[in-house]
Structure formats: C-alpha cells, structure tokens
Amino acid sequence: MAKKKCPDCPTCMPEWLAAFGDLMSLLLCFFVLLLSMSSMDAKKVSEAIGSLSGAMSVLEGGIKTEVSKRRIQESTPIESTDETSEQVNRISAALKEMNEIQEAQASTQGSAAVVSLEEAQDGFVIELPASLLFKPGSAVIQNEDSLLFLKRVALIIGELPNETTLSVCGHTDDQGPSVKGPYKDNWELSSARAISVLQELLLDGVDPKRISAAGYAEFSPKATNATESGREQNRRVELRFYAGKNADKSKVQQSVLDRAAAQ
C-alpha cells in the first residue's frame with residue numbers, strides 16, 4: 001500500500017503569527033509614546049528604587065518609607081546637646097536637695113525656708129530667703145547648708161557661657177535694723193548681705209568680672225509688709241543670671257520653670 005503524500009506547507013506565515021506580531025508592534029509603540037511624554041528624574045528614580053528595596057528588606061534603603069526628599073532628611077535627625085540647659089538642671093537638682101534638707105529640719109525649727117527658681121526677662125533668678133542665710137539684723141552667713149549650696153552654685157556658674165553674668169541683690173522688709181546693730185538703715189543691711197554672698201561666691205572660684213552686688217533695701221517688695229509672712233518673703237537675697245549682649249538668651253533661659261518642674 002502506497003504512503004500518503006504529505007501536503008505542501010503554505011507559502012505565507014500563519015495568520016495567528018501575523019496577529020501576534022501586530023500586537024507586539026502596537027505595545028512597543030504604546031510604551032515609546034509613554035516614555036516620550038514623561039520626564040525622567042534620576043533622583044526620584046533612585047528614591048523609588050530605595051523605597052522598593054527597603055520594603056523588601058534587602059538593602060539599606062529600608063529606612064526610606066516613601067518617595068519624599070523631606071522624609072529622607074528627617075529619617076536621620078541630628079541630635080544636639082545644650083550645655084546651658086544641663087547646668088540649669090543641675091541648679092534645679094541642688095535647689096531641690098536644699099529644700100529637702102530644710103523640710104527635714106522644719107520639724108524641730110518650725111517652718112522651712114524655701115529656695116525658689118524663677119524665669120526672668122534675660123535669664124533666671126535663684127531666690128534665697130534671708131532666714132536661710134543670716135540671723136536677724138546680721139549679714140554674716142552662718143548656715144553650713146547654705147554655704148554648701150553656694151559652693152555648688154559657684155561650680156555650676158563656672159560651666160555657664162562666659163557671657164553670662166550674675167548680680168547678687170539684697171532685699172529687706174520695711175522694718176529698720178536694730179538700733180544696737182552695726183547697720184544704721186536697710187540700705188546698709190541689704191547691701192552688706194548681698195556683698196557677703198558675693199564674697200562667698202568669689203571664695204568658691206567665681207570670676208570677679210562676671211559678678212556684681214546691689215542693695216535694694218525695702219523698695220522692691222514681693223509681698224505686703226503689713227503681715228509677718230509678707231515681710232518674711234521680702235527679706236531675701238536674689239542671684240540674678242543674665243545673658244550678655246553676645247550670648248544667646250534662649251540658651252540661658254531654656255524654659256527654666258518647666259525643667260525645674262520635671263525634676
């Protein structure tokens with residue numbers, strides 16, 4: 001039996017191949033048109049690649065969570081330290097310890113004298129009650145705890161910016177000093193107390209060029225002189241810290257009340 005003859009192959013390509021080729025050509029043209037209408041930004045492409053790589057956790061780009069220049073800058077913030085704020089915190093800590101000592105002694109000596117820390121326009125103020133430092137009508141510091149506190153303050157002053165200055169201000173109530181005492185009026189008493197604190201700070205190493213003293217007598221009261229509690233508030237010595245002309249005032253102040261409350 002003779003074998004059947006194989007049919008001759010068609011002389012042209014199959015119809016499906018022609019349709020497939022047309023489709024590929026159309027897709028090529030389509031993507032060429034898209035590319036021609038887009039603007040290539042090498043940086044954005046790099047960020048997109050980093051974001052994609054980070055999402056897949058294969059490269060360091062994992063810290064980049066989105067295609068954004070601002071996001072990349074904020075992903076690695078630069079931490080800065082403020083030395084002045086640290087010194088203010090140390091003063092707050094010393095002040096807190098001083099008040100705790102006074103509260104412990106109050107059980108046997110009556111009411112405790114409280115040291116306070118307040119903000120001022122150009123810096124901050126440490127307020128020392130006169131009863132904590134001196135005996136009535138005296139300008140001699142005899143309280144050992146107060147002397148230790150002033151030594152700690154002196155050490156911290158040495159670490160503050162050189163432009164920071166300190167003014168020691170003495171205040172009294174409206175009652176004049178004793179006739180038998182060495183001071184004839186409140187001007188002399190307030191000035192002598194301010195100078196006494198200044199001299200103690202000088203002995204503890206404070207630069208004389210950065211410190212001054214002044215007496216205000218009874219003419220800068222904090223409270224009324226009509227009551228004993230008010231007069232007690234008015235009898236005080238203030239350590240006023242100021243930023244110099246070339247200093248950054250914000251570095252000296254730094255929200256002192258907030259930092260003291262956080263201690």
Side-chain angles (χ1 to χ4, degrees), residues 91 94-95 97-99 101-102 105-106 109-118 120-158 160 164-242 244:
I91 292 176
L95 182 147
E97 292 179 11
M98 185 67 181
N99 287 333
I101 293 174
Q102 295 305 309
Q105 296 175 351
Q109 299 179 0
S111 60
V114 178
V115 184
S116 62
L117 180 67
E118 299 178 354
Q121 183 177 1
D122 297 324
F124 59 94
V125 180
I126 299 175
E127 184 178 302
L128 302 169
S131 60
L132 185 65
L133 300 168
F134 314 103
K135 292 183 177 181
S138 172
V140 180
I141 303 176
Q142 297 179 339
N143 188 309
E144 293 296 330
D145 295 329
S146 299
L147 291 173
L148 291 175
F149 177 77
L150 291 177
K151 289 182 183 296
R152 294 184 64 178
V153 172
L155 292 174
I156 297 171
I157 292 173
L160 288 171
T164 304
T165 58
L166 169 62
S167 177
V168 183
C169 305
H171 301 270
T172 66
D173 57 21
D174 63 347
Q175 305 295 316
S178 174
V179 177
K180 299 180 181 180
Y183 309 104
K184 62 181 181 181
D185 55 27
N186 285 333
W187 287 109
E188 288 189 359
L189 177 59
S190 61
S191 299
R193 287 179 169 178
I195 292 173
S196 180
V197 174
L198 178 145
Q199 290 175 338
E200 183 62 35
L201 291 173
L202 292 177
L203 290 175
D204 294 333
V206 175
D207 187 352
K209 297 179 181 179
R210 301 174 60 184
I211 190 171
S212 61
Y216 291 86
E218 70 269 23
F219 299 105
S220 294
K222 284 191 64 179
T224 177
N225 283 306
T227 63
E228 178 56 34
S229 61
R231 290 192 293 270
E232 186 176 356
Q233 293 182 55
N234 293 333
R235 298 189 294 267
R236 67 195 189 277
V237 174
E238 295 176 342
L239 305 180
R240 292 185 169 270
F241 293 83
Y242 298 97

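Count residues from 1 along the sequence.
The CZ atom of R231 lies 12.0 Å from the OG1 atom of T172; values are rounded to the nearest 0.5 Å. Interatomic distance, OG1 of T164 versus CG of D122, reported as 11.0 Å (0.5 Å rounding). The CD1 atom of I157 sits 13.0 Å away from atom CZ of R152, with the distance rounded to the nearest 0.5 Å. With rounding to the nearest 0.5 angstrom, the CZ atom of F241 is 8.5 Å from the CD1 atom of I211. Note that CG of L150 and CG of L155 are 11.0 Å apart. Values are rounded to the nearest 0.5 Å. Rounding to the nearest 0.5 Å places CG of D207 at 11.5 Å from OG1 of T165.
In terms of modelled atom types and a separation under 3.5 Å, the side chain of S167 and the main chain of A213 share no donor-acceptor contact. A distance-only check finds a donor-acceptor pair linking the side chain of S196 to the backbone of A139 [under 3.5 Å]. Not a single donor-acceptor pair under 3.5 Å links the side chain of E232 to the backbone N or O of E228. When atom types are taken as modelled, the side chain of S190 and the backbone of W187 share a donor-acceptor pair closer than 3.5 angstrom. Panel note: side chain S191, backbone A214; no donor-acceptor pair is recorded below 3.5 Å.
Across every non-hydrogen atom of R193 and S138, the tightest pair is NE-O, 2.8 Å. When all heavy atoms are compared, the tightest approach of G137 to P182 is O-CD, 4.5 Å. Nearest heavy atom pair, residue P177 against residue L189, reads CB-CD2, 4.4 Å. The two atoms that bring D204 and A154 nearest to each other are CB-CB, 3.4 Å, heavy atoms only.
Counting heavy atoms from C-beta outward, P129 and R236 have side chains that stay 4.5 Å or more apart. Side-chain contact check for F134 versus I141: some heavy-atom pair is nearer than 4.5 Å. Counting heavy atoms from C-beta outward, Q199 and L203 have side chains that stay 4.5 Å or more apart. In this structure, the side chains of L198 and L166 stay at 4.5 Å or more apart for every pair of heavy atoms. The closest side-chain heavy-atom distance from F124 to L239 is not below 4.5 Å.
Sorted by first and then second residue, the side-chain hydrogen bond (donor to acceptor under 3.5 Å, both in side chains) pairs with a member in residues 173-182 read D173-R235; sequence neighbours excluded. Applying the side-chain hydrogen bond (donor to acceptor under 3.5 Å, both in side chains) test to every pair with at least one member in residues 210-219, sequence neighbours left out, gives these pairs: N186-E218.
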Check your understanding: Does the pair L117 and V125 meet the rule for a side chain to side chain contact (heavy atoms under 4.5 Å, CB included), with working shown?
Key -> CA-CA 6 Å; L117 180 67; V125 180; over 6 Å; no
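A side chain to side chain donor-acceptor pair (under 3.5 Å) with K222 is found for exactly one of E127, E238, Q233, namely E127.
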